[in-house]
Amino acid sequence: MIKKVLLGFMMFSVFLLCGCGKKEEQQPDKLAQIKERGHLIVGVKYDTKPFGFVDSDNVLKGYDIDLARAIAGKIFGNEKKVVFKQVYPHNRISKLNSGEVDLLIATMTITPQREEVVRFSKPYYTVGQAIMVPKGSPIETIANLNGKRTIVVLGTTGEKNLRRFAPEARVLGYKTYEQGFQALREKRAMAFTTDDTILSGFAQDYPEFIILPQRYTKEGYAIAMQKGEATDSLALDINHILDDMTRDGTLVALKHKWVPSESDKKILSKRIKRKIK
Ligand code: GLU
């Protein structure tokens, strides 16, 4: 009898010690946490003009930066209530999931693999994978890159797609876009492949490079949050904010500002000329 009681007691102690009796610990609500802190912490890129970049006056700018400010404006009634942290494609998910940042607004494409580890908002911008080459290059399509050295940024959809569309390409991977573009300028490879938006930022500043006309994917940029119940209300809020921004024209205005079409550019230059007169 005593033996049975002792055994029962021991088993109960083990049960308590391993925490089997406890309900899974609930994470505090992320949106409530952010509101209590008084500002958002957003992971953004510093080297992907025109989405997130540092200009010649050392000012952080771009579409994603403005979007983060507008979201802070909707949450706090003050667009200044946001702190930016630099992220790269290879480390952004770990910075999000370790809690270093609340959101990633970082030219990040929604993919099924990423959806396993983060929660995405609705898409806010659509891009396509493109190829950048020096003017006069013999490369015309992605298939031409088979057997050729091609630059990608590690951890991007561009890297993955290149391996799919041109499996024989000799892939040169860099951690940042600046390093990748520098390698292209130094002729270490025949081409650089990533989102058309990011390549257009380089093409604007370096007209000796062109972007080939074909697009190989259609990808949606979205805002990433941690997965789980703790971000349920945050995700709901962010999606409502994006809906509002679609309705009130904020997203279109951001596109005209940061990724102007040829007609946007003409209107802008007319306005500038009028001011000069
Ligand atoms: N949009 C692509 C991606 O999410 C390339 C740009 C980037 O890595 O930020 O992989």
Side-chain angles (χ1 to χ4, degrees), residues 42-54 60-68 84-97 100-101 103-132 142 145 150-166 169 171-184 189 191-204 211-212 214-227 238 242 251 254-255 258-259:
V42 182
V44 294
K45 310 272 279 301
Y46 283 33
D47 66 345
T48 46
K49 193 178 175 182
F51 279 78
F53 65 102
V54 177
L60 182 62
K61 291 183 164 174
Y63 184 118
D64 283 346
I65 310 302
D66 278 358
L67 180 57
F84 293 108
K85 292 211 173 164
Q86 184 175 16
V87 296
Y88 297 100
H90 69 275
N91 70 8
R92 60 188 160 192
I93 290 180
S94 61
K95 284 194 183 274
L96 177 69
N97 285 340
E100 207 176 307
V101 299
L103 303 174
L104 292 172
I105 309 184
T107 63
M108 191 168 178
T109 300
I110 304 171
T111 70
Q113 291 87 344
R114 289 174 183 167
E115 276 177 323
E116 302 272 318
V117 284
V118 304
R119 170 178 226 156
F120 282 112
S121 70
K122 297 179 172 185
Y124 62 86
Y125 199 92
T126 307
V127 299
Q129 187 179 350
I131 295 167
M132 177 182 252
I142 203 160
L145 294 173
T150 307
I151 296 160
V152 296
V153 172
L154 296 167
T156 63
T157 49
E159 178 188 7
K160 215 163 174 265
N161 293 329
L162 176 67
R163 295 185 197 276
R164 184 154 64 106
F165 295 129
V171 180
L172 245 65
Y174 291 88
K175 282 192 175 170
T176 74
Y177 282 93
E178 267 158 9
Q179 288 167 356
F181 186 64
Q182 189 54 30
L184 185 69
F192 186 5
T193 184
T194 185
D195 303 345
D196 47 5
T197 40
I198 297 174
L199 292 176
S200 71
F202 290 112
Q204 264 172 35
I211 300 169
L212 298 179
Q214 214 169 326
R215 300 292 174 267
Y216 297 93
T217 57
K218 193 170 176 210
E219 305 182 25
Y221 284 172
I223 298 171
M225 291 152 264
Q226 283 182 1
K227 264 174 99 93
I238 295 286
L242 289 176
L251 292 185
L254 285 181
K255 184 168 183 183
W258 292 109
V259 197

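Each ligand, and each atom within it, is numbered from 1 in the order the structure gives. Side-chain atoms are counted along with the backbone in the values below, which use heavy atoms only and exclude waters and symmetry mates. Owing to the predicted nature of the structure, the values given are computational and were not obtained by experimental measurement.
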Under a 4.0 Å heavy-atom limit, does [X] contact ligand 1 with its side chain, its backbone, both, or neither?
X	answer
T107	both
R92	side chain
H90	neither

Would one find an N or O of [X], backbone or side chain, under 3.5 Å from an N or O of ligand 1?
X	value
T194	no
T156	no
D195	yes

Can you tell me if [X] has a non-hydrogen atom under 4.0 Å from ligand 1?
X	answer
K45	yes
K160	no
Y177	yes

Subject >> Counterpart residues, side-chain hydrogen bond (donor to acceptor under 3.5 Å, both in side chains), relative to T176 (two or more places apart) >> reply: none
Subject >> For E100, all residues meeting side-chain hydrogen bond (donor to acceptor under 3.5 Å, both in side chains), sequence neighbours excluded >> reply: K95
Rounded distance [0.5 Å steps], [atom1] in [X] versus [atom2] in [Y]:
X	Y	atom1	atom2	value
K227	E116	NZ	CD	6.5 Å
K218	Q129	NZ	CD	15.5 Å
L212	I142	CG	CD1	10.0 Å

Original post:
To which protein heavy atom is atom 2 (C) of ligand 1 closest, and what is the distance rounded to 0.1 Å?
Top reply: T157 OG1, 3.2 Å
Subject >> Heavy atom of the protein closest to atom 4 (O) of ligand 1 (residue, atom name, distance) >> reply: R114 NH1, 2.8 Å
Original post:
So, T126 and E219: side-chain donor and acceptor under 3.5 Å apart, yes or no?
Top reply: no
Original post:
Any side-chain donor-acceptor pair under 3.5 Å between D64 and Y221?
Top reply: no
Original post:
So, do Y63 and Y125 have ring centers that fall under 6.0 Å from each other?
Top reply: yes
Within a distance under 4.0 Å of any heavy atom of [X], pick out the atoms of ligand 1 and give their elements.
X	value
I198	6 (C)
Y221	1 (N)
A106	9 (O)
P89	8 (O)
M108	4 (O)

Original post:
Passes side-chain contact (heavy atoms from CB on, under 4.5 Å), T107 versus T197? Steps please.
Top reply: CA-CA 9 Å; T107 63; T197 40; 5.8 Å; no
Original post:
Counting distance only, does the side-chain N/O of R92 pair as donor-acceptor with the main-chain N or O of L104 below 3.5 Å?
Top reply: no
